[in-house]
Amino acid sequence: MAKNLLSVVVLISGSGTNLQALIDACPASNYQITAVISNDPKALGLERAKKSGIETLTIEQESFSSRAGFDSFLASTISRFNPSLIVLAGFMRVLGHTFVKQFHGRIINIHPSLLPTYPGLNTHQRVIKDKQKVHGVTVHYVTEALDGGPIIAQEEVPILSDDTAEALAARVLKKEHVIYPKVVNLIALGKIQMKNGEVIFDKSIL
Ligand code: GRF
């Protein structure tokens with residue numbers, strides 16, 4: 001019997017290794033990626049998507065005089081694909097309130113830290129500088145609060161005494177590539193959703 005696949009649009013800005021992990025997991029999952037949108041025409045992730053026959057689009061912020069203009073064009077472009085889920089995979093742009101409201105409960109993000117600690121950029125450097133022992137990755141729903149939406153899943157990564165930001169980032173990324181496709185598939189299976197600002201997990205996965 002044909003699977004009922006969740007339609008997903010992925011937003012990227014860079015190398016797209018998380019996108020690649022999502023693409024690779026597709027055949028054994030219940031979602032399909034209908035489009036990949038980048039705000040940078042040079043993003044390597046665009047090539048990854050094209051190689052897999054996924055439609056790609058670039059929307060450059062420089063073409064818009066305001067943040068709201070960019071967000072509104074992005075929203076209408078995404079709506080053409082009518083996705084059930086928008087997956088931010090290294091999308092280096094903060095989405096405005098109107099955008100987030102429009103797709104409420106249908107946007108997720110992956111962040112390289114154990115949120116709520118270390119929101120924002122350069123998390124690997126910051127945890128090492130602060131002499132932390134544990135770092136990690138968080139997948140969360142996107143709300144108006146920057147890196148502050150309800151947490152879906154987290155995975156810890158120990159920080160080694162002689163760690164560099166690059167080595168640590170590589171180990172975190174490895175975890176990202178496992179956790180993100182897993183979460184997207186669980187959402188596709190209807191086992192995870194956001195209701196009244198809270199993440200609801202199906203009993204079968206608790
Ligand atoms: C990842 O570390 C992700 O957590 C963060 O941006 C990075 C994207 O990497 N949001 P890639 O483009 O998927 O390789």
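Fair warning: this is a prediction, and the values are worked out from it, not measured in the lab. Order of listing sets the numbers, starting from 1, for every ligand and every atom in it.
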Exercise. Residues in salt bridge (charged side-chain N to carboxylate O under 4.0 Å, His left out) with D163, at least two apart?
Worked result: R171
Exercise. Once you round to the nearest 0.5 Å, how far does CD1 of I33 lie from CG of L6?
Worked result: 11.0 Å
Seminar exercise, completed: In this structure, atom 13 (O) of ligand 1 is nearest to the protein heavy atom N18 N, 2.8 Å
For this session: Any atoms of ligand 1 less than 4.0 Å from a non-hydrogen atom of I110? List them with their elements.
Result: 3 (C), 4 (O), 5 (C), 10 (N)
Seminar exercise, completed: Looking only at heavy atoms, the pair that brings S7 and N82 closest together is OG-O, 4.0 Å
Exercise. Which residue and non-hydrogen atom of the protein lie closest to atom 14 (O) of ligand 1, and at what distance in Å?
Worked result: T17 OG1, 2.5 Å
For this session: Note the single closest protein heavy atom to atom 3 (C) of ligand 1, along with its residue, its atom name and the distance in Å.
Result: E176 OE1, 3.2 Å
Exercise. Got a sec, which hydrophobics cluster with F91, joining ILVMFWY side chains under 4.5 Å apart, including via others?
Worked result: V9, L11, I37, L57, I59, F64, F70, F73, L74, I78, F81, I86, L88, L95, F99, V100, F103, I107, V142
For this session: Please check if the side chain of H111 supplies one atom and the backbone of Y118 the other of a donor-acceptor pair under 3.5 Å.
Result: yes
Problem set entry | Polar atom proximity, G16 to ligand 1 (N or O, under 3.5 Å) | yes
For this session: Would you mind running through ligand 1 and noting each atom that sits below 4.0 Å from a heavy atom of S15?
Result: 11 (P), 12 (O), 14 (O)
Exercise. What are the atoms of ligand 1, with element, lying closer than 4.0 Å to any heavy atom of G90?
Worked result: 6 (O), 8 (C), 10 (N)
Problem set entry | Heavy-atom donor-acceptor pair, S38 side chain to T58 backbone, under 3.5 Å | no
